[in-house]
Structures are given as C-alpha cells and as structure tokens.
Amino acid sequence: MEKKSKINPSDENCPVRRTLGLLGGKWTLLILYQINDRVIRYGDLKRTIPGISEKMLIQELNALVKNKLVSKTAYPEIPPRVEYSLTKTGLKALPIVDKLASYGLENLV
C-alpha cells in the first residue's frame, strides 16, 4: 500500500500565504529591489519604477513601513525630505528578490 503525504491547507497559518500577504503586492518586490541596501529619497524611488502612480507608491510604502520591511525617516525641513531604507526584516527579503531576478535572466530573455 502506498503511503500518502499529508497535504496541509493553505489557510491563514500557511507560511506561503502569510509571506504573500507581506510581499504579494504588484509593486512590493520592485520597491524592495530598488531600495535594496541603500537609503533612497521618495523622488528618486519614484523615478526608478516607471509606471507606478504616486498614489500607489505612497500606499505600498505605507504598507511596507507598517509591516516593518521599510524604515521611513522624515526630516523637518522646507521642502520636506523623506528617506526610505530597508529594515533588518526587509533585508531578509532581498534573497527572494535576487532569486526572482536570476530566474528572469535565465528563463525570460
């Protein structure tokens, strides 16, 4: 008799589902990829991601800050200066982004 492996449901406790909740936004991985290991200002980040609207970039950045993947530093200057960088948790996501980039280079050319 063949032994069947147990299939776990992809419910709210599923690690893949939880990770997709953090990283599954349309622009999320591109934002993490662009911030990478540097500190970047909002305008520079906007220029590095063609096609993203201001509303969507602000929304995604707010979600990333809320989920503690990105750190936001606002300086009380005129005009206001805001800088973004990855947190330790955000830096841990970079190998995922690197794997996707490698996959794209190998298979989607």
Side-chain angles (χ1 to χ4, degrees):
M1 194 157 34
E2 195 177 309
K3 184 179 178 184
K4 291 190 175 189
S5 62
K6 183 181 177 198
I7 299 174
N8 294 318
S10 291
D11 60 12
E12 65 276 351
N13 296 315
C14 173
V16 173
R17 185 179 210 155
R18 293 176 86 170
T19 302
L20 283 173
L22 291 174
L23 303 177
K26 178 179 178 180
W27 302 99
T28 303
L29 293 175
L30 286 173
I31 292 169
L32 295 178
Y33 176 73
Q34 289 301 330
I35 295 174
N36 217 299
D37 60 359
R38 62 185 170 167
V39 175
I40 189 167
R41 293 179 68 175
Y42 176 84
D44 295 330
L45 185 56
K46 173 101 171 71
R47 280 188 287 281
T48 64
I49 306 173
I52 191 168
S53 68
E54 284 217 29
K55 177 184 175 187
M56 188 53 69
L57 180 56
I58 290 167
Q59 213 172 339
E60 289 279 342
L61 284 168
N62 286 337
L64 289 167
V65 169
K66 179 182 172 208
N67 291 321
K68 296 180 174 48
L69 294 166
V70 170
S71 171
K72 176 182 178 179
T73 306
Y75 297 93
E77 302 172 347
I78 306 287
R81 178 170 52 115
V82 179
E83 295 178 339
Y84 295 92
S85 60
L86 297 184
T87 62
K88 286 183 182 180
T89 305
L91 289 168
K92 288 180 187 176
L94 285 181
I96 298 168
V97 176
D98 290 342
K99 285 285 187 192
L100 286 170
S102 295
Y103 179 85
L105 288 170
E106 291 172 15
N107 298 295
L108 304 173
V109 281

Does the pair V97 and L23 meet the rule for a side chain to side chain contact (heavy atoms under 4.5 Å, CB included), with working shown?
-> CA-CA 10 Å; V97 176; L23 303 177; over 6 Å; no
According to the side-chain hydrogen bond (donor to acceptor under 3.5 Å, both in side chains) rule, which pairs have a member within residues 17-32, sequence neighbours left out?
-> T28-E60
Can I get a per-line list of side-chain donor-acceptor pairs under 3.5 Å for residues 65-73, giving both atom names and the distance, sequence neighbours left out?
from	atom 1	to	atom 2	distance (Å)
N67	ND2	A63	O	3.1

Between T48 and R38, the two heavy atoms sitting closest are CG2-NH2, 4.3 Å
Single-linkage hydrophobic cluster, 4.5 Å side-chain cutoff, V39 and Y84 together = no
Considering residues at least two apart in sequence or located in another chain, which fulfil the side-chain contact (heavy atoms from CB on, under 4.5 Å) criterion with L57?
-> I31, Y42, L45, K46, I52, L61
same_hphob_cluster(I58, I35) at 4.5 Å side-chain heavy-atom cutoff = yes
Which residues satisfy the side chain to side chain donor-acceptor pair (under 3.5 Å) test with D44, sequence neighbours excluded?
-> R47
What residues join L20 in its hydrophobic cluster, counting side-chain heavy atom gaps under 4.5 Å, either direct or through other members?
-> V16
CG of D37 to CG of L86: how many Å apart, nearest 0.5 Å?
-> 8.0 Å
Under the side-chain hydrogen bond (donor to acceptor under 3.5 Å, both in side chains) rule, what pairs show up with a residue in residues 91-100, not counting sequence neighbours?
-> none
Residues two or more places apart in sequence or in another chain: which of them pass side chain to side chain donor-acceptor pair (under 3.5 Å) with Y103?
-> none
E77: partners by side-chain contact (heavy atoms from CB on, under 4.5 Å), with sequence neighbours left out = Y75, R81
Results of side-chain contact (heavy atoms from CB on, under 4.5 Å) for K55 - residues two or more places apart only = S53, Q59
Honestly curious: do L100 and Y33 fall in one hydrophobic cluster under the side-chain, below-4.5 Å linking rule?
-> yes
